[in-house]
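What you see below is based on every heavy atom in this structure, not just the backbone, and it leaves out hydrogens, waters and symmetry mates. Every value quoted in this text rests on a predicted model; they were computed, and no experiment measured them.
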Amino acid sequence: MMRKYPDWSRLVEKSWQEGVKNMRPELLDKALDDFRGLAVGSLITEGQTERLVQLRPSFGLTCPRQAYFLRECEKPKPMPDAISMTFTLGHLAHCLAAAALDSGLPEGFMAEYEMKVETGFPDRPLCATTGTADVVLVRTDGDEVLPEGAPKYILGDFKTMAGFAFRDHGKKDFSKMSPDAWGHIRQLAVYAHSSTLEEKYPGIVKNGALLIGVNKESPVQGLKSRHIPYEVLKEAFGEVQESIETLDPKTPDPGPVLYKKWGPQVAFYCGSSGRPGYCPYVHQCQSKR
């Protein structure tokens, strides 16, 4: 008898567990080949080279003021010298997690990885018009595996996390919009609203999306997959549009929008807690407060 799962998140977590125990060698080989390609291509020098700074799904969407400083050609805070090692470990954990998940998916399910999608951002130098969606999970058969009415497909995004962040991810309330200081929900919202995915998977944004936490320090702790409802993705996408609009030279400095809205909850990110902060424009922002 085929096992029944209460929702997509639980299916993802259990499939990963099954895949770890019964890893398909060809999928593991592919994951490691993908990782080698990433490492050789860019990861080792990613923190040491000058890169084009653009508004893209993974950068500049946390707060509209980031877009403002980007527009004003302010230089973002440099990344730590050893950041390439962090990126490398994260990409390896990502590849292995995907291989395990694919190995353990039940019969009647498939996954499509690393999909190039249109962002819908304006076609101009400060905007990235394409991005990469991590995974779309598809139920091709096996209607009895998920509850009646569960969507046939759903978007997912892997996020590698260290100890505290991983534990916190498992406890967060994603039923409403959160501070989202790292921009994970906004990034998902961009992909979920992409015309590329909509064309291939009609109505996919209405299904919500999965934010899949991967513990890169202790893989034995598995995955924590959390469902982000459509209403939250819609609100996050509205915030993305605010950042895009801020790139217009006629738009005034919006001020520290994230900090004004969430205060102490984002102080660690905005540098308002007495610590350095993580925002790439923390110094410029503080000087104007």
Is it possible for you to say whether Val232 and Leu188 belong to one hydrophobic cluster, with membership spreading through side-chain heavy-atom contacts below 4.5 Å?
yes

Please examine the side chains of Ile228 and Leu210, heavy atoms only from C-beta on, and report whether any two atoms are closer than 4.5 Å.
no

Which residues share a salt bridge (Lys or Arg N to Asp or Glu O under 4.0 Å) with Glu26, sequence neighbours left out
Arg24

Residues two or more places apart in sequence or in another chain: which of them pass salt bridge (Lys or Arg N to Asp or Glu O under 4.0 Å) with Lys30?
Asp34

How many angstroms lie between CZ in Arg186 and OG in Ser243, if you round to the nearest 0.5 Å?
7.5 Å

ring-ring contact (aromatic ring centres under 6.0 Å, His included) partners for Phe121, two or more places apart:
none

Answer yes or no: is there a side-chain heavy-atom contact under 4.5 Å between Val145 and Phe109?
yes

Beyond-backbone contact of His94 with Asp134, side-chain heavy atoms, under 4.5 angstrom:
yes

Residues forming a side chain to side chain donor-acceptor pair (under 3.5 Å) with Asp173, sequence neighbours excluded:
Ser175

With clusters defined by side-chain heavy atoms of hydrophobic residues (ILVMFWY) lying less than 4.5 Å apart, directly or transitively, does Phe59 cluster with Val257?
no

All heavy atoms of Gln284 vs all of Pro280, minimum pair found to be OE1-O, 4.4 Å

Neighbour count above 12 (heavy atom, 6.0 Å) for Glu199 CD
no

May I ask whether Leu27 and Leu32 are part of the same hydrophobic cluster, defined by side-chain heavy atoms of I, L, V, M, F, W, Y residues being less than 4.5 angstrom apart, directly or through others?
no

Donor-acceptor pairs under 3.5 angstrom involving side-chain atoms of residues 150-162: please list them, not counting sequence neighbours.
| unit_1 | atom_1 | unit_2 | atom_2 | d |
| --- | --- | --- | --- | --- |
| Lys152 | NZ | Asp143 | OD1 | 2.9 |
| Tyr153 | OH | Pro202 | O | 2.6 |
| Asp157 | OD2 | Lys159 | NZ | 3.3 |
| Lys159 | NZ | Gln187 | OE1 | 2.7 |

Would Glu239 and Lys261 pass as an ion pair if we require N to O under 4.0 Å?
yes

Qualifying ring-ring contact (aromatic ring centres under 6.0 Å, His included) pairs with a residue from residues 214-244, counting only residues at least two apart or across chains:
His193-Phe237

If hydrophobic clusters are built by linking Ile, Leu, Val, Met, Phe, Trp and Tyr wherever their side-chain heavy atoms come under 4.5 Å apart, do Leu223 and Leu146 end up in the same one?
yes

Which residues share a side-chain contact (heavy atoms from CB on, under 4.5 Å) with Asp123, sequence neighbours left out:
Thr129

Do His169 and Phe164 have their ring centres less than 6.0 Å from each other?
no

Can you tell me if Thr251 uses its side chain to pair, donor with acceptor, with the backbone of Glu245 under 3.5 Å?
yes

Could you tell me which non-hydrogen atom of Arg71 sits nearest to which non-hydrogen atom of Asp248, and how far apart they are?
NH1-O, 2.8 Å

Residues Pro122 and Cys127: closest non-hydrogen pair is O-CB, 3.1 Å

Any side-chain donor paired with an acceptor under 3.5 Å for Thr132 and Lys116?
yes

Which residues pass the salt bridge (Lys or Arg N to Asp or Glu O under 4.0 Å) test with Lys77, not counting sequence neighbours?
none

Is there a path from Trp8 to Val205 through hydrophobic residues (I, L, V, M, F, W, Y) whose side chains come within less than 4.5 Å of each other?
no

Grouping ILVMFWY residues whenever side-chain heavy atoms fall under 4.5 Å, the cluster of Trp182 otherwise contains Leu258, Tyr259, Trp262, Val266, Phe268, Tyr269, Tyr278

With sequence neighbours left out, what residues match Asp253 under side-chain contact (heavy atoms from CB on, under 4.5 Å)?
Arg65, Tyr68, Lys288

Would you give me the side-chain donor-acceptor pairs under 3.5 Å for residues 11-23, sequence neighbours excluded?
| unit_1 | atom_1 | unit_2 | atom_2 | d |
| --- | --- | --- | --- | --- |
| Glu13 | OE1 | Arg10 | NH1 | 3.3 |
| Glu13 | OE2 | Ser225 | N | 2.9 |
| Lys14 | NZ | Gln17 | OE1 | 3.3 |
| Ser15 | OG | Leu11 | O | 2.7 |
| Glu18 | OE2 | Lys21 | NZ | 3.4 |
| Asn22 | ND2 | Glu18 | O | 3.3 |

Is any side-chain heavy atom of Val282 closer than 4.5 Å to a side-chain heavy atom of Cys270?
no

Once side-chain contact (heavy atoms from CB on, under 4.5 Å) is applied, do any residues pair with Glu112, and if so which ones, sequence neighbours excluded?
Met115, Lys200, Tyr201

Any donor-acceptor N/O pair, Arg226 side chain to Gly170 backbone, under 3.5 Å:
yes

Heavy atoms only: give me the nearest Ala189-Leu233 pair and the separation to one decimal.
CB-O, 3.5 Å

Least distance between heavy atoms, Pro57 atom then Thr119 atom:
CG-CG2, 3.8 Å

